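Since this is a predicted model, take the numbers as computed values, not measurements. Along the sequence shown, residues are numbered consecutively beginning with 1.
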Amino acid sequence: MPNKILYIVLVLLLATVMTFVSGVVVFALGAGSLAAVQTGGGAFVVVAGLGLGVLKYLTPTTT
């Protein structure tokens, strides 16, 4: 069980890093700050959702 919690924390950390990176890249390309925030939010939802979905598929359930 502690390993599964660690994996979830790592997936959310990766999603947070991707949020910052995508927001900075969009802002650096000349978009407004609102567009950068929206892109970052979308990146977080997508990366966290896919990551947790893959994690649920790969980790065995324990009873």
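Shown here for Phe44 and Leu12, the closest heavy-atom pair between the two residues is CE1-O, 4.2 Å. Heavy atoms only, all atoms of each residue included: Ala43 and Ser22 are closest at CB-OG, 3.5 Å. Across every non-hydrogen atom of Phe27 and Ala36, the tightest pair is CB-CB, 4.0 Å.
The other residues sharing a hydrophobic cluster with Leu29 are Val17, Val21, Val25, where clustering joins ILVMFWY side chains under 4.5 Å apart. The other residues sharing a hydrophobic cluster with Leu58 are Val54, Tyr57, where clustering joins ILVMFWY side chains under 4.5 Å apart. Through side-chain heavy atoms spaced under 4.5 Å, either directly or across other Ile, Leu, Val, Met, Phe, Trp or Tyr residues, Val47 is tied to Leu14, Met18.
Residue Ile8 is tested with Leu13, Leu52, Asn3 for a side-chain contact (heavy atoms from CB on, under 4.5 Å); the sole match is Leu52.
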